[in-house]
**Student:** 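Here it is, the structure in full.
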Amino acid sequence: MKKLAMAAAAVMMMSGAASAQNLVKNGGFEQNTVDGSRQFTNNVTNWTNEKTSGYTGYGYNFLIKGDSPDGDGFTSLGGNHDYIYGTFGTANTVSSLGDFKGNYSETGYNGDNGKTWAYGNYILADGDPAFAGKISQVIGGLVQGNTYNLTFDWAAVTWFTTPGQTTQRFDVSLGNVVKSTETLTVAPKGASGWKKASLDFVAGGTSQTLSFLAKGTPNGLPPSLLLDNVSLTAAVPEPDTWMTMILGFGVVGATIRRRKASGATRPQMV
């Protein structure tokens, strides 16, 4: 029985170690060859911006660099330049959650009064159907039939040149399975502050595409979202599941002990 308990503990430790491995590469968008804060194509390492029939031929998705001056704003492949409202800092900075000033001149457009951020990069995704496109990465190392937990930080924002009330959400897919975040409503010149999302997916194969698609209303007022800290890990079994497994080991051990005590032997072949 002692050996069985040790085996059960070993299984739990191995499962915990496996669950800690993030299968998403470059989930913080720090590795890239993008020049400044601008719309990207395939130059954010491990991520692809979908080709579309829209304005620039790609999803209206931008890499916002945390180490660039906040007042620089961001630029599209077509040369359009804009800014977002709100002081966000980074998804990892709790003190910045919900911190928002309505006057862009007070906050330096993207944040910290024109100072250089000491924080990381994130994605800005336009959810207007005429501009939206998926941000995707192929995930390998999956076990078909296993459950995986996807977590990410996200926020809803509005743009300086077209302020107005918007609604927005992320549609997230792993393979053919699509799940959605809650839908946020943001006031003109508003911002939601960073939120943490958690979605579970069952792998349909050993390699599947993970995608994020911003969706929002109304058209013409960019209903945009921010994305950061993407992680996909094997789901950890619930405590009840572990208890059932350990009890099962115990039952097997008790049965073996009873057989030994009763002197039961395996029938001989004639």
Side-chain angles (χ1 to χ4, degrees), residues 22-93 96 104 107-128 130-139 152-162 168 170 172 191 194 209-214 216 222-232:
N22 182 9
L23 299 178
V24 174
K25 298 178 181 178
N26 195 25
F29 310 105
E30 303 307 315
Q31 301 168 35
N32 63 85
T33 57
V34 181
D35 182 16
S37 295
R38 61 182 59 246
Q39 187 182 8
F40 66 96
T41 54
N42 59 357
N43 45 354
V44 174
T45 306
N46 301 116
W47 293 93
T48 301
N49 187 10
E50 182 183 18
K51 289 186 177 182
T52 70
S53 58
Y55 165 55
T56 62
Y58 287 88
Y60 221 48
N61 301 313
F62 301 78
L63 177 72
I64 307 297
K65 290 200 171 182
D67 59 357
S68 62
D70 298 333
D72 283 357
F74 51 92
T75 306
S76 75
L77 294 172
N80 290 34
H81 196 73
D82 217 314
Y83 310 86
I84 56 175
Y85 283 99
T87 302
F88 287 93
T90 177
N92 288 327
T93 305
S96 71
Y104 74 91
T107 63
Y109 303 109
N110 288 344
D112 208 9
N113 199 23
K115 298 177 183 177
T116 300
W117 286 357
Y119 310 122
N121 303 338
Y122 55 85
I123 297 297
L124 167 65
D126 186 350
D128 185 329
F131 290 82
K134 293 179 181 179
I135 307 163
S136 303
Q137 177 178 146
V138 176
I139 306 295
F152 53 93
D153 295 312
W154 67 298
V157 296
T158 54
W159 293 24
F160 169 61
T161 56
T162 51
Q168 46 259 76
F170 267 124
V172 187
W194 287 101
T209 299
L210 172 68
S211 297
F212 292 84
L213 177 63
S224 297
L225 294 167
L226 308 183
L227 176 67
D228 200 3
N229 299 324
V230 183
S231 175
L232 183 71

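Residue indices begin at 1 and follow the sequence shown. These figures come from a predicted structure and were not determined experimentally. Scope of the values below: all heavy atoms of this structure, side chains included, with no hydrogens, waters or symmetry mates.
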**Student:** So do R38 and F74 actually touch side chain to side chain, heavy atoms under 4.5 Å?
**Tutor:** no
**Student:** Only one of D128, N61, V157 clears side chain to side chain contact (heavy atoms under 4.5 Å, CB included) with S224; which?
**Tutor:** V157
**Student:** Check step by step if side-chain contact (heavy atoms from CB on, under 4.5 Å) holds for F170 and I135.
**Tutor:** CA-CA 11 Å; F170 267 124; I135 307 163; 5.6 Å; no
**Student:** Roughly how far, to the nearest 0.5 Å, is the NZ atom of K134 from the OG1 atom of T209?
**Tutor:** 9.0 Å
**Student:** For the residue pair V24 and W47, establish whether any side-chain heavy-atom pair is separated by less than 4.5 Å.
**Tutor:** yes
**Student:** Assign the ring pair Y122 / W194 to parallel, tilted or perpendicular, where the plane angle (0 to 90°) is split at 30° and 60°.
**Tutor:** perpendicular
**Student:** OG1/T56 to CG/N49 distance, rounded to the nearest 0.5 angstrom?
**Tutor:** 7.5 Å
**Student:** Nearest 0.5 Å, please: how far is CD1 in I123 from CG in L225?
**Tutor:** 12.0 Å
**Student:** Could you check whether any side-chain heavy atom of Y58 comes within less than 4.5 Å of a side-chain heavy atom of L77, counting everything from C-beta outward?
**Tutor:** yes
**Student:** Testing D153, L124, I64 one by one against L226 for a side chain to side chain contact (heavy atoms under 4.5 Å, CB included), which residue passes?
**Tutor:** L124
**Student:** So does L232 get a backbone contact from the side chain of N22, meaning a donor-acceptor N/O pair under 3.5 Å?
**Tutor:** yes
**Student:** Verify the distance criterion only: is there a donor paired with an acceptor across the side chains of N26 and N46 at less than 3.5 Å?
**Tutor:** no
